[in-house]
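Structure first, then comments.
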Amino acid sequence: MDLRGANVLVTGATGGIGQALAKALADRGARLVLTGRRAEVLEPLAERLGCRAIVADLADRATAEGLLDEAGRVDVLVANAALPASGLLSEYSIAQIDRALDVNLRAPIVMAKLAAAQMADRGRGHLVFVSSLSGKAASGHASLYNATKFGMRGFALALREDLRPHGVGVSTVFPGFIRDAGMFAEAGVSLPRGVGTRSPRDVARATVRAVERDLAEIDVAPLGLRIGALIGGVAPVLSAAVQRRAGGHRISQGLADGQRDKR
Ligand SMILES: NC(=O)c1ccc[n+]([C@@H]2O[C@H](COP(=O)([O-])OP(=O)(O)OC[C@H]3O[C@@H](n4cnc5c(N)ncnc54)[C@H](OP(=O)(O)O)[C@@H]3O)[C@@H](O)[C@H]2O)c1
């Protein structure tokens, strides 16, 4: 899919990764529509990049559905917005559970349905879902986040098969720990020596590649973490034991503490 002149809708554009995504897509010549909740971040960003901004709360079901109408023609949808949804399930109210599921999973599904219908009519388009390595390997203190990110993976893989005959591509992006900006960087958790990170620009570059080459899946993490995620998929009990030994719970607990205000 050629991004030049394509209408691209990016959710979560105000976040650490979203801002890098918006810049990379604008550099490829895409015509962007950016969305997020914080108007004070979204509007100056859209002005800098010369594109449209739509302030929208994806936890609100009617808003998530109306967003596609408001955006107009969409050739590429990048479903990037998410809540960290970290911490023990027992700490969550039912309303907070609903919000995490709505923002991280329901909104991308609903938006994909609406965007895919118009793309299939034109025989052209692409859907991108920003998941996480937490969509391939589970860890303690992350059950809700794992649920949404694993769910996104299954959804995207199946949808890719369904949309293939209609000329619509589907990609899922799996970032590991992302430094400098975004939900991990803002939590202020230090990683054990040897656990590497990637930058928001790396995620943006991978996303552009996934769209342009119609890749089903792309990881954005150092080799060690990618292997860890692979083991998490084929041998989850072993993966849990290794994470326990390597202090994985300290990291997840730290994340939950640092992200408590984003529930
Ligand atoms: N950072 C990492 O290390 C990392 C690793 C793996 C995967 N990811 C994934 O990458 C994506 C981007 O994460 P990030 O690090 O950029 O996080 P972030 O900086 O916290 O940004 C999250 C974005 O989601 C938006 N959002 C949250 N709740 C929303 C709601 N109710 N309605 C509309 N928008 C909402 C935020 O908008 P407002 O700020 O305007 O409210 C913001 O733009 C997420 O899907 C995340 O799961 C991140």
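For ligands, and for the atoms within them, numbers begin at 1 and follow the listed sequence.
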Using a 4.0 Å cut-off on heavy atoms, what residues surround ligand 1? Order them by chain and number.
Gly12, Ala13, Thr14, Gly15, Gly16, Ile17, Gly36, Arg37, Arg38, Ala56, Asp57, Leu58, Ala59, Asn80, Ala81, Ala82, Leu83, Val103, Val130, Ser131, Ser132, Tyr145, Lys149, Pro175, Gly176, Phe177, Ile178, Gly182, Met183, Phe184, Lys262
Any heavy-atom pair between the side chains of [Y] and [X] that's under 4.5 Å?
X      : Y      : result
Ser86  : Tyr145 : no
Leu191 : Thr197 : yes
Pro175 : Val130 : yes

Does any N or O in the side chain of Asn146 come within less than 3.5 Å of the main-chain N or O of Ser134, such that one atom is a donor and the other an acceptor?
yes
Report the relative orientation of the aromatic rings in Phe184 and Phe177; use parallel for angles under 30°, tilted for 30 to 60°, perpendicular for over 60°.
tilted
Is Arg205 salt-bridged to Asp202, cutoff N-O under 4.0 Å?
yes
